[in-house]
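Everything on this sheet refers to the single structure shown next.
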Amino acid sequence: MKGISRSVRKVDHDGKVSGRALYIDDIHIRGAVHGKVVRSDRAKADILGVELPSLPRDYIAVGWKDVPGNNWVHIVDDDMPVFAVDKTEYAGEPILLIAGPCRQTVEALCSQVKVSYREWDPVLGMEDSSTAFYEEEFCYGNPEKAFEEGDMTVDETFYTGYQEHAYLEPQGITAYPEHGRMVIRGSMQCPYYIHGAVAGALGLPPDRVRVIQDVTGGGFGGKEDYPSVLACEAAVAAWKLGKPVSLIYDRREDMECTSKRHPSRSRYRAAVRGDRITALDVEVDLNAGAYKTLSLVVLQRTMICASGAYAVENLRVHGRALKTNTVPCGAFRGFGDPQVFFAVETFMNHIAARLGRDPWEFKLKNLVKKGDHNSTGGRFHFRVPLPQMLERLDAVSGYREKKVLYSRDKGRVRRGIGLGLHFHGTGFAATKDAADGVCIKLHKTAQDVVEVLTSNTDMGQGLSTTFAKIAGEALNIPYDQIRVPMPDTDHVPNSGPTVASRSILTVGELVRRAAVRLKAEWSPGADQIIEEHFTAPDYMVPFDGGRFFGDPYPAYAWGAAVVELAVDTYTGLAEVLRVYAVFDVGTVMDENIVMGQMEGGILQGIGYASMEQMNVDQKGRIRNNSYSDYIIPTSLDVPDIRVEMYEEPCPDGPFGAKGAGELPNGGVPQAYAEALEQVLGTGAVHHIPFTAEETLRVWEEGQHE
Ligand code: MTE
Ligand code: MOS
């Protein structure tokens with residue numbers, strides 16, 4: 001193991017383990033009052049009137065008329081009002097915020113607000129939507145010709161459901177005015193996103209807004225855009241009141257009203273010739289919910305990843321993000337790729353079965369390799385180590401042997417085994433990173449202490465430790481002598497958001513370069529600042545998002561997972577016996593941190609595939625708004641997980657690292673589906689989550705002895 005991979009004590013270890021770490025709800029800010037949002041309970045309606053109860057002294061209500069700037073929460077677009085004006089587009093849409101000193105009184109006042117509506121029929125499912133927020137298409141090669149010349153065409157449709165982030169700490173933000181400025185602090189992934197949104201809503205110049213990240217109890221993409229919503233709500237109230245307003249969502253509110261993973265429907269058509277896929281035609285739709293939020297970027301990744309880890313010469317992908325009157329969906333670990341990885345992988349298995357081929361061989365035959373075009377006409381510039389990883393995976397999991405062995409299972413409990421391949425393109429389009437003027441600073445104080453100044457956030461993924469290790473390694477000083485302060489927009493430059501697993505590759509590399517320079521220029525006792533700016537590697541074809549052309553990602557992390565199930569055919573319950581996985585995230589920056597990422601992600605993948613089911617009712621509301629109704633894997637559901645890392649170092653990443661955060665959940669659902677199909681019959685699974693009830697139904701419908 002390389003020096004840098006050796007695990008160290010995380011810089012946030014003591015606070016987290018002892019319980020002393022302060023989250024936003026633990027922080028007492030002098031004079032802070034509690035805020036609570038009054039929400040629409042209609043999915044689609046005109047708001048005819050709002051009647052407030054009489055408010056005791058020190059209590060205020062704010063709505064759209066109190067927004068001093070633009071009544072939009074700026075995300076990618078400006079389409080989501082801070083407070084509803086005259087209509088509501090989903091049940092849960094914010095109408096007002098009431099704030100005051102006593103939480104119970106605030107809650108009581110909220111429940112006395114009377115809103116009168118004129119209701120319209122809501123669009124609750126994608127199938128009924130006639131509005132596409134985004135509609136994109138790209139085509140590569142000549143799919144039409146390939147379909148004509150193929151031996152066979154296969155056509156199937158796949159569906160995936162919602163997924164709730166289930167971060168440990170619900171969303172929470174406190175806003176307070178200070179010397180004519182607005183300060184925002186709390187739980188977040190992207191301080192500068194909030195900075196822009198609040199400046200817009202308050203109509204303030206950027207230098208009059210300050211955003212500080214507090215200890216953040218998980219985000220998984222859910223704290224990428226949504227904290228901007230809380231920040232605007234709280235800031236409007238704090239501005240009017242002239243006092244700090246603290247807005248902490250409770251769990252039910254958080255589960256019902258904040259963003260989710262987009263449900264998807266994808267129709268796959270393949271032309272097959274011999275044992276090759278010669279063309280793919282994919283139509284993928286995402287249920288965006290009522291507002292656009294991050295759907296454009298999620299849809300882009302969904303579409304780019306639609307052909308999976310396979311080389312497809314002729315490819316057409318058409319994608320839409322459809323509007324419905326349901327909770328807006330946003331980013332969630334994998335950012336739109338788990339939806340299509342499940343689909344394309346399951347599709348590949350079904351095609352292999354039709355050809356009478358072993359799915360393992362069939363997938364190997366069609367894999368991408370170095371030099372191949374990616375789905376958007378760029379290239380895989382580096383070695384694709386999947387064949388080597390698969391060899392290792394077979395050796396540790398015994399997949400091929402077990403595939404034969406388990407097919408002989410008889411009786412009540414039957415076993416199945418499945419394989420899932422996937423990747424994660426780290427970062428986003430190089431051009432965007434460059435355009436954003438990504439910048440980091442190293443600050444060496446007169447006491448010779450080094451601070452890493454970036455806007456990237458640690459939300460449990462260990463980033464502050466990893467940044468300290470990178471700087472320490474390059475400076476050749478122990479990592480615990482490096483400080484990584486919590487991002488505060490008054491002190492850190494904009495190094496971009498903490499999304500798309502970009503922090504290590506994009507920002508970490510800047511930290512390394514700055515540290516190398518600082519080492520060369522080190523002057524004891526002097527105050528020194530070193531700045532580094534991002535530039536895209538010159539071999540990359542700049543990605544053009546409008547045309548879907550070029551190299552979308554600077555690097556690819558690869559994954560292969562095997563899931564073994566024991567299915568009880570009397571109850572439909574599928575017990576995950578073991579998960580084996582081989583991952584390549586380049587150089588492992590810290591063994592424990594990376595293993596934590598891998599194991600946690602695998603578990604999120606299991607939940608997504610098997611039990612995490614979220615439904616909207618006839619009124620457009622999410623009813624499973626607690627962990628007794630929305631089931632996620634618990635410690636008792638953790639199977640035997642065996643992860644091996646395969647290190648294919650990335651020349652552009654710090655010490656060869658590529659980024660690991662969003663890789664691990666992406667391979668499990670399809671492996672789970674294949675394992676289940678070994679018991680239920682190939683072709684049985686076209687959607688996830690595939691619950692015990694459905695397993696039982698399919699089993700009972702089948703012709704089983
Ligand atoms: N790990 C923990 N413990 N908590 C999180 O919220 N978020 C994931 C992943 N791993 C998350 C996590 C998501 S969605 C992303 S984009 C990456 O971490 C972001 O971190 P990175 O850029 O440092 O990889
Ligand atoms: Mo991760 S979904 O990019 O925050």
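Whatever order the structure lists them in is the order used to number ligands and atoms, beginning at 1. Both backbone and side-chain heavy atoms feed into the values below; hydrogens, waters and symmetry mates do not.
Protein heavy atom nearest atom 3 (O) of ligand 2, with residue, atom name and distance: A500 N, 2.6 Å.
Checked against a 3.5 angstrom limit, the closest N/O atoms of S503 and ligand 1 fall inside it. The distance criterion of under 3.5 Å between nitrogen or oxygen atoms is met by Q189 with respect to ligand 2.
For E224, every heavy-atom contact with ligand 2 shorter than 4.0 Å involves the side chain, none the backbone.
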Checklist entry - Under the side-chain hydrogen bond (donor to acceptor under 3.5 Å, both in side chains) criterion, do H381 and D551 qualify, and how do the steps go? => result CA-CA 9 Å; H381 294 280; D551 282 316; 2.8 Å; yes

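With ligand atoms numbered from 1 in the order given, ligand 1 contributes 6 (O) to contacts under 4.0 Å with heavy atoms of G218. Close contacts between ligand 1 and R502 involve ligand atoms 22 (O) [criterion: under 4.0 Å to a heavy atom]. Close contacts between ligand 2 and R333 involve ligand atoms 2 (S) [criterion: under 4.0 Å to a heavy atom].
Figure legend: K658 and Y556 shown without cation-pi pairing, the cationic atom not lying both under 6.0 angstrom from the six-membered ring centre and within 45 degrees of its axis.
Checking G460, G661, P497, G221 against atom 17 (C) of ligand 1, the nearest heavy atom belongs to G661. When the options H424, E662, M459, K223 are ranked by their closest heavy atom to atom 19 (C) of ligand 1, first place goes to M459. Of the candidates E224, Q461, R333, it is Q461 that places a heavy atom closest to atom 23 (O) of ligand 1.
A ring-centre distance under 6.0 Å is found for F380 and W558.
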